[in-house]
There are 2 protein chains.
Amino acid sequence: MQEAAAELGYTASPAASRLATGRTMTVAIVVPVLAKWFFGKTIGAATQELRNTGYDVLLYELATPGQRERFFGSPRLHGRSDGVIVIALQPGKKELESLASQGQAVALLGAEGPGIGSVSVDNVGAGRDAVRHLLNLGHERVAFIGIRDEEGSNLGGVPPRQRLIGYRKALVEAGLAREGVLEQFDENSVGGGAAAMSRLLVAARAPTAAFVASDEMAFGALMVLRRAGLDVPRDFSVLGFDNHELCEVLGLTTMDHDVAGQGQDAARLLLDTMNGGQPRSLGRPARLVIRESTAPPRVLRKNSTAQPDLPATF
Amino acid sequence: MQEAAAELGYTASPAASRLATGRTMTVAIVVPVLAKWFFGKTIGAATQELRNTGYDVLLYELATPGQRERFFGSPRLHGRSDGVIVIALQPGKKELESLASQGQAVALLGAEGPGIGSVSVDNVGAGRDAVRHLLNLGHERVAFIGIRDEEGSNLGGVPPRQRLIGYRKALVEAGLAREGVLEQFDENSVGGGAAAMSRLLVAARAPTAAFVASDEMAFGALMVLRRAGLDVPRDFSVLGFDNHELCEVLGLTTMDHDVAGQGQDAARLLLDTMNGGQPRSLGRPARLVIRESTAPPRVLRKNSTAQPDLPATF
DNA sequence: CTGAAAGCGCTTACAG
DNA sequence: CTGAAAGCGCTTACAG
């Protein structure tokens with residue numbers, strides 16, 4: 001019957017059926033930024049999954065703290081969606097209460113909450129694995145470039161913090177001391193990564209390798225290194241995070257973690273919850289993808305593989 | 001009154017007011033892919049503009065011809081949105097009729113339609129300017145790498161085709177013959193650009209420069225060139241399109257065209273139309289941004305600047 | 001100018 | 001099993 005009607009170009013008025021049933025058959029997706037590869041990818045995967053189940057998707061970009069406040073401070077979603085996927089934004093207690101009071105089912109991606117379905121990568125483990133790779137190559141001064149998590153930025157969130165923890169863990173396990181100057185934070189962008197790397201290079205004793213918490217920042221780091229006349233990986237090793245599609249072009253060693261899969265999982269978790277299922281928390285593995293941006297430090301290599309002489313600037 | 005009510009956490013039921021007024025206060029945005037920089041950027045800008053005016057935004061990703069058919073073949077938007085922004089998809093006559101019959105106002109981005117508001121770049125002019133830059137440097141065999149526009153891909157659209165026209169125009173104006181082998185098309189991605197460049201390199205008489213219709217394809221082209229042992233720009237010049245944020249990292253000369261501005265314009269055009277204004281067509285300028293991927297061809301430079309000897313492989 | 005009533009187009013519980 | 005009625009929560013045209 002419904003199918004036959006649809007063939008004839010008829011659709012039930014969504015407004016009327018929403019009013020009658022109280023269900024909107026739409027899901028909201030909330031992200032801190034749209035114009036980034038990671039978010040396009042996760043939203044795309046979640047959207048496809050949702051649409052296959054007959055849901056429409058409403059999009060909310062919370063680019064500033066003000067927007068975030070307004071969004072959670074008002075019943076914006078009430079009557080507009082049945083559930084919401086929050087990506088890369090760690091909602092506070094108040095914010096979760098706000099969503100609940102609006103009758104929203106919730107699923108988190110790259111964040112966690114008590115009794116709430118979530119998908120995330122084992123960022124501590126991934127960070128540790130990344131740094132171990134550098135350590136195993138023989139690096140002794142390994143820096144960390146992280147995503148700044150200050151007031152004014154929504155982008156920090158849990159995963160970047162966990163990657164830092166993984167970094168420190170790996171150092172401790174290797175018996176290395178942690179140094180403040182080796183931990184640099186900036187905004188999650190090419191420019192931010194460039195700025196952070198610049199700061200590392202002027203340090204009294206510069207590191208020989210860096211684990212960077214996002215590929216985009218790593219790209220900026222590579223740029224600064226190149227402009228400083230340093231060769232990667234001969235003079236400096238860089239390891240990123242995300243396996244951005246341009247990693248191959250730039251030869252960046254990175255941690256891969258199935259970004260689209262996480263978007264799809266988040267959608268499924270939300271659908272489950274809306275159908276009365278118990279909220280679950282999914283962990284996604286990350287794995288090291290070795291390309292051309294990591295190698296043993298110069299000192300070691302000199303002994304082993306007889307490299308040509310280095311330029312005088314070095 | 002409404003503000004006071006909002007403070008108290010009260011909102012009018014959207015479903016009820018939609019039913020009563022017939023207006024949904026939401027706009028749909030339709031794109032062929034989400035996980036690309038260009039689309040994130042335009043959607044983000046449009047979304048912000050729309051939200052400032054009190055509109056919600058529904059997102060539709062039409063990734064396959066099947067999805068496109070289903071979307072336009074059913075009254076999907078009827079009663080769900082008041083208007084729609086179609087990005088980088090050239091709607092056919094039937095498709096436009098479908099939208100109109102669903103009571104949708106329409107604005108196009110990167111496409112055009114009779115009596116329909118639209119924003120686009122002067123792609124013919126931009127393509128011509130790009131190729132002229134290469135020609136002015138002294139290149140005589142300039143290739144074009146374009147976005148494939150075949151069945152099975154929605155991504156072709158008008159702009160890529162217009163860039164090809166601009167390319168041909170510049171050649172004609174310079175008195176150069178057009179050659180089929182120098183025009184290569186592939187999918188709009190790093191991989192597609194790489195494949196197209198590989199084909200150019202095996203041509204009987206390989207070109208010395210290429211104008212590539214998108215930066216992402218250009219990145220793939222750079223990768224292939226590097227792997228083939230060719231130096232850019234010494235052995236080969238590459239010129240892209242979009243001014244992707246990674247152009248600076250890769251030193252890619254490209255055509256810049258304010259992507260976010262186009263998204264914002266499209267939203268404004270739609271809002272105007274929904275308020276009874278006449279649909280307008282906006283043209284956005286593109287401008288050449290010279291970086292390190294373009295230079296005179298080897299032959300010329302040899303005479304003028306006494307380059308060191310080239311490797312034997314060349 | 002204020003306030004009660006009709007109506008938007010569905011769904012669902014209920015009467016027949 | 002079928003069909004008429006009530007009700008979802010607004011807006012708006014109309015009566016007072």
Side-chain angles (χ1 to χ4, degrees), chain A residues 1-28 50-58 60 70-84 97-106 270-271 273-277, chain B residues 1-28 50-58 60 70-84 97-106 270-271 273-277:
Chain A
M1 169 62 200
Q2 287 195 352
E3 296 78 33
E7 303 272 324
L8 299 172
Y10 170 85
T11 348
S13 149
S17 65
R18 284 169 193 207
L19 189 56
T21 63
R23 306 196 63 199
T24 62
M25 289 307 285
T26 109
V27 159
L50 257 9
R51 136 176 318 230
N52 289 341
T53 329
Y55 281 85
D56 274 310
V57 357
L58 279 171
Y60 295 91
R70 257 170 281 142
F71 179 82
F72 287 104
S74 69
R76 194 81 183 83
L77 259 27
H78 184 257
R80 291 173 207 277
S81 59
D82 304 327
V84 53
E97 283 169 2
S98 164
L99 294 179
S101 76
Q102 294 176 59
Q104 304 295 310
V106 182
L270 185 68
L271 291 167
T273 309
M274 293 193 302
N275 291 328
Chain B
M1 172 57 200
Q2 287 196 352
E3 296 78 35
E7 303 272 326
L8 300 172
Y10 170 84
T11 347
S13 149
S17 64
R18 283 169 194 208
L19 188 57
T21 63
R23 306 197 63 200
T24 62
M25 289 306 287
T26 110
V27 159
L50 258 8
R51 136 179 314 230
N52 289 342
T53 329
Y55 282 84
D56 274 310
V57 357
L58 279 172
Y60 295 92
R70 256 170 281 142
F71 179 80
F72 286 104
S74 69
R76 195 80 182 84
L77 259 27
H78 183 257
R80 291 172 207 276
S81 59
D82 303 327
V84 53
E97 283 168 3
S98 163
L99 294 179
S101 75
Q102 294 176 59
Q104 304 294 311
V106 181
L270 185 68
L271 291 167
T273 308
M274 293 194 300
N275 291 328

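Reckoned from all heavy atoms, side chains included, excluding hydrogens, waters and symmetry mates. The structure displayed is predicted, hence computed values, not measured ones. To find a chain, count down the sequence lines: A is the first, B the second, and so on, and within it residues start at 1.
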Interatomic distance at P, C:dG7 relative to D:dG16, whole Å: 16 Å
Per-nucleotide pairing state of DNA chain C [Watson-Crick or G-U, under 3.5 Å; [ ] pseudoknot-crossing; | other strand]: |||.||||||||.|||
B:Thr26 side chain reached by B:Arg18 side chain, heavy atoms, under 4.5 Å: yes
Interatomic distance, A:Arg18 CZ vs C:dT11 C1' [rounded to whole Å]: 15 Å
B:Val57 and B:Arg51, any side-chain heavy atoms less than 4.5 Å apart: no
Derivation of the side-chain contact (heavy atoms from CB on, under 4.5 Å) call for A:Arg76 and A:Leu99: CA-CA 9 Å; A:Arg76 194 81 183 83; A:Leu99 294 179; over 6 Å; no
Between B:Asp56 and A:Tyr60, a side-chain donor and acceptor under 3.5 Å: yes
B:Thr53 side chain vs B:Tyr55 backbone, donor-acceptor pair below 3.5 Å: no
Interatomic spacing from OG1 in A:Thr24 to NE2 in A:His78 - rounded to 0.5 Å: 10.5 Å
Donor-acceptor pair between A:Gln102 and A:Ser98 side chains, under 3.5 angstrom: yes
Any donor-acceptor N/O pair, B:Asp82 side chain to B:Met25 backbone, under 3.5 Å: yes
Where do N or O atoms of nucleotides 3-9 of chain C meet protein N or O atoms at under 3.5 Å, pair by pair?
unit_1	atom_1	unit_2	atom_2	d
C:dG9	N2	A:Ala16	O	3.3

